[in-house]
Amino acid sequence: MESIARNQLTVAQVQHLEDANQNPLTGKSWPQDHEGILQGRRRLPVYGRYQEILDNYHQSQVMILSSETGSGKSTQVPQLLVYDEYESGLQIACTQPRRLAATELASRVAEEMGVNLGEEVGYKIGGDHNVNQNKKKTRLAYMTEGVLLRQLRSDKLLSAYACVIIDEAHERTVDLDLLLALLKKVISRRKDFKVVIMSATMDTKLFQEYFDNCPLVHFPGLKFEVKTFYTAPEETGPDFVTLAAATVVHIHKNQEPGDILVFLPGENEIEKVCSMVRRNAKDLDVFPLYSSLPSGDQRLALDSSGPNRKCVVSTNIAETSLTIANVVYVIDTGLSRQLVYNPRLRLNMLEVRLISQASAKQRMGRAGRTKNGVCYRLYSKAVYDSMAPSTEPGIHCASIDSVVLNLVASGYRKLIDFDWLDAPHPESLARAAQHLQDWELLKDDGSLTRSGRLASKCPLDPIWYRAIEIGAKFGCSLDILDIALLCSSQKSIFIRPAGYRQAADLARTAFADPLSDHLTLANAFNTYMRVRQLNDQKNRPKIDLERWCTRHFLNMRALEEIDIKRGEMGASLEDTCKITPGRTSITDTTSVRKVLAIAFCTHTAIYRSGDTYRTVHENTPALLSPHSSLVGGNYEWIVYTAFQTSGRRQYLETATAINAEWLVDLPFFQDSRLPTTGDRLLRQENVKRSLDRARARI
DNA sequence: TTGTGGTGT
């Protein structure tokens with residue numbers, strides 16, 4: 001393949017470009033503050049390593065840059081490569097695991113390069129692209145990993161790009177693992193294409209081996225020293241909440257000024273620590289921080305700076321996603337809630353577990369961003385040594401239905417032999433393939449059905465795409481789309497603020513459908529949409545939507561996001577998937593429940609006693625979620641959206657009561673598919689009896 | 001007798 005002529009630059013040449021009178025990217029003079037910005041950039045730890053980086057970049061198709069946070073690599077390396085690749089006329093992509101990082105880095109780097117955001121430097125995140133329409137003009141695009149994966153589907157050679165920089169590779173998202181595997185293919189087919197992997201120091205060996213022992217450049221990150229103290233084993237114990245609160249009070253009373261950041265597993269522990277600290281420390285501003293906190297309260301924790309010392313008590317959200325300025329003291333409990341996946345049961349377990357050493361270092365680093373800091377680890381050195389070196393890759397932590405579907409759609413068949421960075425659990429793979437067949441998205445020979453091909457292009461879990469298709473047959477595809485988005489959205493539309501839990505739960509009953517949590521979600525959403533539409537009519541008093549939402553304990557931002565998404569997706573489902581739009585939920589909720597029964601036939605449970613059910617195909621006991629509107633209904637058959645543990649109990653999340661008659665004709669419910677023991681006896685006799693009674697009723 | 005970390009197309 002013909003290689004594109006390269007102008008391999010030296011550091012001196014790059015500096016010359018940066019020091020020139022005119023901006024080489026725009027041909028115009030630099031903005032006024034250019035000189036100051038340039039001096040700041042040249043003080044970053046990465047700056048002294050430019051030649052080494054360029055030399056390796058020129059010699060190898062893949063290289064790894066490792067350094068801890070604070071080195072400036074996320075902002076500086078892309079700029080360096082923009083100049084180096086300028087002659088190719090192609091773009092540089094830099095991927096990020098999170099949307100916020102992609103947009104913020106883009107705007108900072110646009111400023112540093114003296115260009116307008118969205119011209120030479122831009123970003124692409126799902127549903128929001130801010131790059132120049134003229135592809136030749138854009139030189140650097142920050143994007144989420146998911147966006148680049150999506151582009152790979154339509155352009156397998158990534159022909160618009162000279163180089164892809166993968167940032168935060170150590171976070172090991174599912175998208176990252178997929179992306180690296182697919183980029184490996186691009187590398188072998190395009191000799192002019194390069195990949196730079198940027199990671200914290202922990203995983204570099206794994207990446208190096210994966211990419212044929214490619215070169216590695218390491219440079220220091222932290223600019224400031226963080227002193228670390230461990231806790232003596234006899235002082236640690238199960239009551240890390242009290243210990244954390246006491247440590248805050250101790251620092252506040254005895255240590256130099258400087259803000260405090262505490263890491264805890266979740267909301268409950270955070271609110272406890274906050275109230276203990278408030279009781280025992282004066283002149284200290286205490287803020288909780290976690291993702292379900294309303295964004296106004298989050299801003300308070302991030303932005304506020306008054307005369308008092310500040311203490312932020314946070315989940316992992318402050319480890320990577322949000323940065324709190326001026327933290328000097330970090331208190332690390334060594335714990336976080338982590339999603340643990342059981343592939344056999346397809347069960348999600350949210351468990352409090354020991355963090356990894358990589359995560360502990362990341363937490364520690366939060367203390368040394370602006371000056372020297374101190375990190376108090378509320379565990380012993382022996383416990384630290386026992387921690388896993390790095391955090392479990394995402395591909396081991398969740399179901400991989402959509403991963404399998406997407407790889408098959410990209411032309412891969414034998415996924416057990418796929419060149420994984422870390423292979424998923426074989427049972428995960430087998431279960432995913434089996435379910436995709438049960439949902440009629442994969443054929444027996446492992447190829448895609450027509451529905452499977454369309455589902456692979458749909459930004460929803462495959463099971464939801466199939467539900468929408470079935471919905472079309474029952475005239476309610478739009479209802480199912482709404483429900484799919486409501487169930488898939490990161491933020492719940494129902495809010496339960498601390499101190500108002502009961503009031504919030506009571507408010508929710510106003511929307512409750514006694515037979516279906518899915519329809520309860522749809523009712524709340526539809527009610528909001530009707531109230532909003534009333535505001536559009538003339539000669540009516542306007543309703544304050546924010547206040548209306550607050551009064552009904554609804555999250556208006558979540559509702560608005562769903563409205564935007566359903567508009568976009570509704571149109572594309574109709575255009576490309578030929579799905580007939582239809583809505584019945586107002587007059588005919590039975591159709592919606594029927595569709596859910598058929599689509600979620602792999603997720604059924606049968607009644608036992610109390611609020612206890614038993615999942616049919618995994619044969620496992622579970623409770624209705626305490627919030628479910630089905631509680632007390634004792635319905636014989638239900639379908640559920642997710643199966644998860646919290647604490648010691650297993651819950652079925654978002655359930656709908658169904659009739660056995662709706663199941664009996666499905667292939668999945670023929671006698672041969674019911675789970676049996678080793679002796680071929682049915683595991684649950686009552687399942688067969690109930691199905692037989694239903695067949696007799698038809 | 002009931003309860004939850006963080007992401008993304």
Side-chain angles (χ1 to χ4, degrees), chain A residues 95-102 124-129 143-154 168 171-179 263-271 289-293 314-322 333 335-340 348-353 355 359 362 391-395 397-398 402-403 405-406 409 455-462 464-465 484-485 488-492 494-496 498 501-502 504-505 561 565 568-569 572 610-612 622-628 631-632 642 644-653:
Chain A
T95 68
Q96 297 292 324
R98 283 169 292 281
R99 299 160 59 105
L100 190 66
K124 298 177 186 177
I125 59 176
D128 182 12
H129 287 200
M143 59 188 74
T144 53
E145 292 162 348
V147 165
L148 189 62
L149 268 181
R150 188 45 60 116
Q151 289 188 9
L152 262 163
R153 296 289 296 280
S154 52
E168 312 282 11
E171 290 193 24
R172 293 299 302 280
T173 59
V174 176
D175 282 352
L176 172 95
D177 281 23
L178 269 178
L179 205 46
F263 285 103
L264 285 157
E267 178 178 347
N268 200 349
E269 295 92 343
I270 286 169
E271 295 294 349
L289 182 63
Y290 42 86
S291 80
S292 62
L293 201 65
S314 172
T315 59
N316 256 1
I317 196 170
E319 194 181 299
T320 49
S321 306
L322 300 176
T333 56
L335 300 168
S336 72
R337 278 206 168 71
Q338 295 164 34
L339 195 65
V340 183
N348 296 315
M349 297 180 284
L350 201 53
E351 287 191 343
V352 176
R353 290 202 168 185
I355 59 173
S359 181
Q362 180 75 22
T391 308
E392 185 91 351
I395 202 146
C397 305
S402 60
V403 172
L405 187 72
N406 284 318
S456 77
K457 293 179 184 154
C458 173
L460 281 171
D461 273 344
W464 278 117
Y465 175 79
L485 291 170
S488 313
S489 139
Q490 286 165 23
K491 288 202 165 184
S492 168
F494 296 119
I495 46 176
R496 301 180 75 231
R501 297 273 153 85
Q502 284 186 320
D505 293 344
E561 264 172 40
K565 276 193 186 157
E568 294 165 358
M569 287 190 56
S572 89
D611 285 319
T612 310
L623 289 165
L624 283 174
S625 151
H627 293 315
S628 171
V631 165
Q644 47 198 28
T645 59
S646 91
R648 265 195 237 140
R649 297 161 196 280
Q650 305 181 84
Y651 291 99
L652 302 171
E653 295 286 315

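These numbers were taken from a predicted model, which means no experiment stands behind them. Note on naming: letters A, B, ... go to the chains in the order of the sequence lines (proteins, then strands), and numbering restarts at 1 for each one.
Taking atom CZ on A:Arg99 and atom P on B:dG6, their separation rounds to 17 Å, with Å as the unit. As rounded to whole Å, 19 Å separates atom P of B:dG8 from atom CZ of A:Arg172. Rounded to a whole Å, the CE atom of A:Met569 is 14 Å from the C1' atom of B:dG8. The interatomic distance linking A:Glu653 (CD) with B:dT2 (C1') rounds to 12 Å, in whole Å. Atom NE2 in A:His627 sits roughly 18 Å away from atom P in B:dT1 (whole-Å rounding). Distance, A:Arg649 CZ to B:dG3 P: 7 Å, rounded to whole Å. Put simply, NZ on A:Lys457 is 25 Å from P on B:dG8, counting in whole angstrom units. Following rounding to the nearest Å, A:Leu179 (CG) and B:dT7 (P) show an atom-to-atom distance of 20 Å.
Within 4.0 Å (heavy atoms only), A:Pro265 reaches sugar-phosphate atoms of the nucleic acid but no base atom. Using a 4.0 Å heavy-atom criterion, one finds that A:Ile317 contacts the sugar-phosphate atoms exclusively. At a threshold of 4.0 angstrom between heavy atoms, the contacts of A:Tyr290 are confined to the sugar-phosphate backbone, with no base atom among them. Residue contacts for A:Ser291: at a heavy-atom cut-off of 4.0 Å it reaches the sugar-phosphate backbone alone, with no base atom in range. Here A:Leu623 lies in heavy-atom contact (under 4.0 Å) with a base. In this structure, A:Ser625 reaches the bases: a heavy-atom distance under 4.0 Å links it to at least one base atom across the strands shown. Residue-level contact check: A:Ser359 touches neither bases nor backbone, having no heavy atom under 4.0 Å from any strand. In this structure, A:Gln650 reaches neither bases nor backbone, as no heavy-atom distance under 4.0 Å exists between it and the strands shown. Here A:Arg98 lies in heavy-atom contact (under 4.0 Å) with sugar-phosphate atoms only. Within 4.0 Å (heavy atoms only), A:Ser336 reaches no atom of the nucleic acid at all.
Between A:Gln490 and the phosphate of B:dG8, there is a side-chain N or O to OP1/OP2 separation shorter than 4.0 Å. OP1 or OP2 of B:dT9 has at least one side-chain nitrogen or oxygen of A:Thr144 nearer than 4.0 Å. Taking side-chain N and O atoms only, A:Ser321 has a distance below 4.0 Å to OP1 or OP2 of B:dT7.
Judged as a salt bridge (Lys or Arg N to Asp or Glu O under 4.0 Å), and not counting sequence neighbours, A:Asp175 has no contacts. By the side-chain hydrogen bond (donor to acceptor under 3.5 Å, both in side chains) test, A:Arg99 pairs with no residue at all, sequence neighbours left out.
Under the 3.5 Å distance criterion, with hydrogens and angles disregarded, no donor-acceptor pair is assigned to the side chains of A:Glu267 and A:Thr315. For the 3.5 Å distance criterion, the side chains of A:Glu171 and A:Thr173 fail to qualify, holding no donor opposite an acceptor.
Between A:Asn406 and A:Pro626, the residue whose closest nucleotide on DNA chain B is further toward the 5' end is A:Pro626. Ranked by how close their nearest DNA chain B nucleotide is to the 5' end, A:Ser292 and A:Asp461 are led by A:Ser292.
The two residues A:Ser488 and A:Leu460 make their nearest non-hydrogen contact at OG-CD2, 3.8 Å.
One finds no salt bridge joining A:Arg150 and A:Glu145 here, because no Lys/Arg side-chain nitrogen approaches an Asp/Glu carboxylate oxygen to under 4.0 Å.
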